[in-house]
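Inspection log for the structure reproduced underneath, given as structure tokens.
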Amino acid sequence: MRITKSCVGILFIFMAILIAGCGSNKMPSELNSDVKSTNDSTGISIVVMGNLLSKSEVQRLESSILPNLSIRESLVNSGLIELTQQGTNIHSIQGVTLDSNLHWAISINGDRIDSEDWDAKVNNNDVISIYILSSDHAKDVEIVIVSVNGGRLQPELTHSYVSPYTHEVVIRDLLKQSGIVVLSDNSKTIKKVQEYSPKMNEKWILKVNNKLLNANGMDMKLKPQDEVTIELNNS
């Protein structure tokens, strides 16, 4: 059977559309690559796991890390990182906190350092990585994220909570586990977030990976790296 040029052209277009369609359906875990910034003058690099911080925030963190400063001084000087009261752990990074079964870890040039070593000085060309470990110290931990966006109405509410991914977890379960959300008696709507109740002209809306969730979406099963956003809007 002869294949005409027009048939070949149609086939090529079809394949291009198919490839483009597949490319747009990447898993969230494929999109959440590490964020890195390197100081041109010192060669010091900072790498933060996933996309929990924006590029500009990582650059701000990187600019606070200078030779002869300790890791501890660098973390505090950044203004992005809050340590625990004892100073032995990271409590939050730019409003991102972790579930009690997770904790932040730091490595220099691939070697993990404990908090008692945070007074070590930083050298030129060091690569400092900040990442998440599970309670059993596993590094490649699967996570899901709850983010609160208070917007212009209540900017102080903006916050992210990172939880370990568990099989078959649904949005409703994740919201309850976060400890920052109070659901209605029938668990179908949100009453409070971080103790804040919406005013008469406000309401909470839910999004998953930036897509609006429908009214019956509370039972949607999540995948690793999914982000559930609770957004405060004018009604």
Side-chain angles (χ1 to χ4, degrees), residues 26-37 45-54 57-58 61-62 65 70-76 78 80-120 122 126-148 159-181 183 194 208-209 218-230:
K26 289 182 179 179
M27 295 291 289
S29 58
E30 296 174 331
L31 300 175
N32 289 351
S33 57
D34 293 345
V35 184
K36 179 178 180 179
S37 179
S45 297
I46 182 75
V47 183
V48 179
M49 170 191 172
N51 62 354
L52 296 174
L53 295 184
S54 67
E57 289 167 340
V58 174
L61 183 57
E62 167 260 302
I65 301 175
S70 69
I71 290 292
R72 189 184 305 277
E73 290 170 317
S74 299
L75 296 179
V76 173
S78 71
L80 294 174
I81 294 179
E82 180 185 353
L83 301 182
T84 58
Q85 189 172 5
Q86 298 79 10
T88 55
N89 288 293
I90 295 174
H91 172 67
S92 65
I93 301 180
Q94 192 64 359
V96 179
T97 57
L98 306 181
D99 179 85
S100 58
N101 292 308
L102 302 172
H103 65 274
W104 301 103
I106 300 174
S107 69
I108 300 180
N109 304 322
D111 296 323
R112 183 186 165 201
I113 60 170
D114 294 322
S115 58
E116 55 263 29
D117 299 317
W118 286 1
D119 293 319
V122 179
D126 276 347
V127 178
I128 300 166
S129 300
I130 301 176
Y131 50 95
I132 294 173
L133 289 180
S134 65
S135 55
D136 59 357
H137 302 291
K139 184 175 180 180
D140 296 324
V141 57
E142 293 182 326
I143 61 171
V144 283
I145 305 166
V146 175
S147 292
V148 181
H159 177 83
S160 291
Y161 166 89
V162 181
S163 176
Y165 169 78
T166 54
H167 186 59
E168 299 291 311
V169 65
V170 299
I171 290 176
R172 180 182 289 103
D173 295 338
L174 179 62
L175 295 180
K176 290 180 178 179
Q177 292 167 12
S178 72
I180 60 174
V181 177
L183 299 178
Q194 298 184 126
V208 177
N209 303 327
M218 282 283 200
D219 292 316
M220 174 182 168
K221 292 181 182 178
L222 296 170
K223 301 183 295 296
Q225 306 296 335
D226 276 349
E227 181 174 10
V228 177
T229 302
I230 310 168

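Values below: every heavy atom of this structure, side chains too, minus hydrogens, waters and symmetry copies. These numbers were taken from a predicted model, which means no experiment stands behind them. Positions are given from 1, in the same order as the sequence printed here.
Note: R112 CZ to H137 NE2 = 6.0 Å, rounded to the nearest 0.5 Å. In this structure, CG in N101 is found 13.5 Å from CD1 in I143, a value given to the nearest 0.5 Å. Rounding to the nearest 0.5 Å gives a distance of 4.5 Å between CD1 of I93 and CD1 of I81. Rounding to the nearest 0.5 Å places CD of E227 at 10.5 Å from CG of L174. Here the straight-line distance linking atom CE of M218 with atom CG of D173 works out to 10.5 Å at 0.5 Å rounding. Once rounded to the nearest 0.5 Å, the distance linking CG of L75 with CD1 of I130 reads 6.0 Å.
Around atom CD of Q85, no more than 12 heavy atoms belonging to other residues, nucleotides or ligands sit under 6.0 Å away. For D140, the CG atom is loosely surrounded, since the number of other residues' heavy atoms within 6.0 Å does not exceed 12.
Within the 3.5 Å criterion, the main-chain N or O of D226 finds no donor-acceptor partner in the side chain of Y165. For the pair T166 (side chain) and V169 (backbone), a donor-acceptor distance under 3.5 Å is absent. No side-chain donor-acceptor contact under 3.5 Å links R172 to the backbone of L183.
Of the candidates T84, L83, T88, T88 is the only one forming a side chain to side chain contact (heavy atoms under 4.5 Å, CB included) with S115.
Considering all non-hydrogen atoms of both residues, V208 and M220 come closest at CG1-CE, 3.9 Å. Residues G87 and W118 approach most closely at O-CZ3, 3.8 Å, considering heavy atoms. When all heavy atoms of Y161 and S178 are compared, the pair lying nearest together is CE2-CA, 3.2 Å. The minimum heavy-atom distance linking V122 with S74 is given by the pair CG2-OG, 4.2 Å. Scanning both residues, V170 and K221, for their nearest heavy atoms gives CG1-CG, 4.0 Å. Looking at every heavy atom in both residues, L175 comes nearest to V146 through CD2-CG1, 4.3 Å.
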Review point. Could you go step by step and tell me if I65 and D126 meet the side-chain contact (heavy atoms from CB on, under 4.5 Å) rule?
Key: CA-CA 10 Å; I65 301 175; D126 276 347; over 6 Å; no
Exercise for review: Give the intermediate values and the outcome of side-chain contact (heavy atoms from CB on, under 4.5 Å) for residues H91 and T97.
Suggested key: CA-CA 7 Å; H91 172 67; T97 57; 4.3 Å; yes
Point to revise | Step-by-step side-chain contact (heavy atoms from CB on, under 4.5 Å) determination, L52 to I145 | key: CA-CA 9 Å; L52 296 174; I145 305 166; 3.6 Å; yes
Exercise for review: Evaluate the side-chain contact (heavy atoms from CB on, under 4.5 Å) criterion for residues V228 and V144: first the C-alpha distance (whole Å), next the side-chain angles of each, then the deciding distance (0.1 Å), finally the verdict.
Suggested key: CA-CA 8 Å; V228 177; V144 283; over 6 Å; no
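Contact check for D99 versus P164: side-chain heavy atoms found under the 4.5 Å cut-off. The shortest distance between side-chain heavy atoms of I180 and I230 does not fall below 4.5 Å. Between W104 and V162, the closest side-chain pair of non-hydrogen atoms is not below 4.5 Å. Residues V141 and L133 fail the side-chain proximity criterion, which asks for heavy atoms closer than 4.5 Å.
Under the rule for a side-chain hydrogen bond (donor to acceptor under 3.5 Å, both in side chains), the partners of S37 that lie at least two apart in sequence or sit in another chain are E62.
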